[in-house]
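See structure below.
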Amino acid sequence: MTRAFSSESLPRTRSGVETGSRPENASNEESRAPLRFYRNGKSSGTRAKLRGDRRIAAWKPRYRLARYVAGICLLLLGSAAADARSLEIITERGALTLCANPNALPFASKTGPVQGFQIELGEKIAQQLGVKLTREWVISAIQYRRADCDLVLDSIARKDTPPAGGVQVSRPYHRSGVVLAVRADSRASSLASLGSDQRVGVPVGSLVSMTLDKGGTVTSPFVFEDDIVAALANREIEAAAVTPATVGWFNLQHADTPLRLIPAFDNDSDLNWNIAAGLFRPDDKLRQRVDAAIEALLADGTIARIYARYGIELRPPQ
């Protein structure tokens with residue numbers, strides 16, 4: 001059995017979850033903090049960003065799917081309609097409905113020329129099922145509860161906890177987690193190689209934040225992962241504990257000043273997790289078909305190509 005968390009983002013507490021059993025940043029609630037459990041950021045015009053000195057800056061109205069916390073996914077799932085969603089219903093309707101954030105690149109976007117890798121992957125899964133993909137744009141826990149969705153991507157799958165609220169996860173297709181990012185000109189080669197006075201940017205309230213604090217590392221908390229990597233690039237901090245998707249997307253847009261990844265947390269099982277598709281109240285046939293679809297898309301390289309377009313390296317799940 002596995003437990004789903006809507007991600008990537010964990011780092012915030014774990015991605016989107018980025019928390020629950022929390023994937024750390026992962027991923028993407030209403031105030032989506034840098035971590036998924038991702039908390040999806042939102043605000044009525046302001047957005048708080050905590051720095052090392054704990055000062056609070058103005059909130060910016062942004063929505064980043066990359067930090068949905070597992071808790072949000074659970075809220076969503078627990079309050080969704082109780083009736084099961086069967087393959088027959090999906091086929092008769094001719095559509096598979098995906099829940100996604102409208103402004104959360106590289107995950108998803110409602111406008112602009114770039115759709116986001118969740119939308120692209122959702123379309124490929126729908127094609128495998130012989131139906132079209134429809135989208136439900138959601139940015140808060142309340143909207144998730146009301147949305148009539150069949151599918152949510154970047155769900156965290158853990159073998160140590162059963163799914164909740166009627167959600168089931170597909171076979172995993174990607175491995176994510178927390179990495180340490182540094183500037184290309186940094187001499188750091190590990191967490192231990194950082195100076196005692198050099199700060200590491202972390203998603204506020206995240207598991208990786210607590211882990212580093214306990215280890216004596218000086219940290220600077222932020223609400224959003226993209227703010228962390230921006231601060232790193234601007235030399236406000238020396239390193240960033242974020243998810244690979246955030247760094248990959250940043251590097252794609254800043255090829256002249258890329259960040260370098262250090263696998264500082266590979267041996268911490270709490271800071272690494274598998275990514276899967278979350279299905280809402282599916283019958284066995286629907287889950288089997290989605291598993292088969294993902295298997296086929298992995299085998300022909302489709303998922304790897306989609307991820308690569310967003311600067312992300314597809315990693316085999318464990």
Side-chain angles (χ1 to χ4, degrees), residues 5-29 31-41 49-52 54 64-72 154 156 158 160 175-182 186 188-194 196 198-232 236-250 259-275 315 318:
F5 302 84
S6 177
S7 83
E8 214 25 339
S9 288
L10 308 183
R12 189 185 158 211
T13 72
R14 200 200 157 145
S15 135
V17 204
E18 268 296 87
T19 232
S21 155
R22 336 156 347 219
E24 191 44 55
N25 281 306
S27 358
N28 126 264
E29 298 169 338
S31 81
R32 197 165 67 146
L35 204 99
R36 289 165 202 142
F37 274 159
Y38 273 72
R39 296 189 174 199
N40 226 331
K49 178 168 83 173
L50 303 179
R51 297 294 178 102
R54 305 292 175 177
R64 291 273 177 260
L65 185 62
R67 298 118 218 216
Y68 280 132
V69 182
I72 293 205
D154 285 85
I156 293 170
R158 296 182 63 88
D160 56 359
R175 183 74 173 172
S176 187
V178 184
V179 295
L180 192 69
V182 296
S186 173
S189 58
S190 66
L191 184 63
S193 66
L194 293 174
S196 59
Q198 294 180 314
R199 293 181 177 276
V200 176
V202 296
V204 63
S206 65
L207 184 60
V208 69
S209 173
M210 293 184 283
T211 299
L212 292 177
D213 285 344
K214 289 180 180 179
T217 299
V218 181
T219 61
S220 290
F222 293 76
V223 176
F224 297 98
E225 283 194 354
D226 51 358
D227 283 343
I228 301 177
V229 294
L232 175 59
E236 298 172 29
I237 54 177
E238 190 60 29
V242 293
T243 50
T246 296
V247 179
W249 180 242
F250 177 91
L259 302 178
R260 178 165 55 87
L261 295 182
I262 297 175
F265 308 103
D266 277 6
N267 296 325
D268 191 330
S269 60
D270 286 331
L271 299 182
N272 292 274
W273 52 88
N274 288 335
I275 294 297
R315 299 170 56 201
Q318 297 179 8

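A pairwise comparison of heavy atoms in Ala239 and Leu180 identifies CB-CD1, 3.9 Å as the closest pair. Contact record, Gly201 with Phe222: CA-CE1, 4.1 Å, taken as the closest heavy-atom pair. Shortest non-hydrogen contact noted between Ala181 and Leu261 is CB-CD2, 4.2 Å. Scanning both residues, Ile262 and Ala188, for their nearest heavy atoms gives CD1-O, 3.5 Å. Contact between Pro244 and Gly177 at its shortest, heavy atoms only, is CD-O, 3.2 Å.
Side-chain atoms of Thr243 and Glu225, non-hydrogen and from C-beta on, do get closer than 4.5 Å to each other. Two residues are said to be in side-chain contact when any heavy atoms from C-beta on lie closer than 4.5 Å; Leu194 and Glu238 meet this criterion. By the 4.5 Å heavy-atom criterion applied to side chains, Val229 and Leu259 are counted as neighbours. Residues Val208 and Phe265 are in side-chain contact: their nearest non-hydrogen atoms beyond the backbone lie under 4.5 Å apart.
Rounding to the nearest 0.5 angstrom, the gap separating the OG atom in Ser186 from the CD atom in Gln198 is 7.0 Å.
Paired with Asn274 under the rule side chain to side chain donor-acceptor pair (under 3.5 Å), one option of Gln318, Arg175, Arg315, Arg158 passes, and it is Arg175. Here the options are Val200, Val247, Val242, the test is side chain to side chain contact (heavy atoms under 4.5 Å, CB included), and the partner is Ile228; only Val242 passes.
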Evaluate side chain to side chain contact (heavy atoms under 4.5 Å, CB included) for Thr219 paired with Asp213, printing each intermediate quantity in order. CA-CA 7 Å; Thr219 61; Asp213 285 344; 2.9 Å; yes
Would Asn272 and Ser176 count as a side chain to side chain donor-acceptor pair (under 3.5 Å) if you check the C-alpha gap in whole Å, the side-chain angles of each, and the deciding distance to 0.1 Å? CA-CA 6 Å; Asn272 292 274; Ser176 187; over 6 Å; no
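In this structure, Arg260 contributes its side chain and Ser189 its backbone to no donor-acceptor pair below 3.5 Å. The backbone N or O of Leu207 sits less than 3.5 Å from a side-chain atom of Thr211, completing a donor-acceptor pair.
At a cut-off of 3.5 Å, with distance as the only test, no side-chain donor of Thr246 or Asp226 sits close to an acceptor on the other residue.
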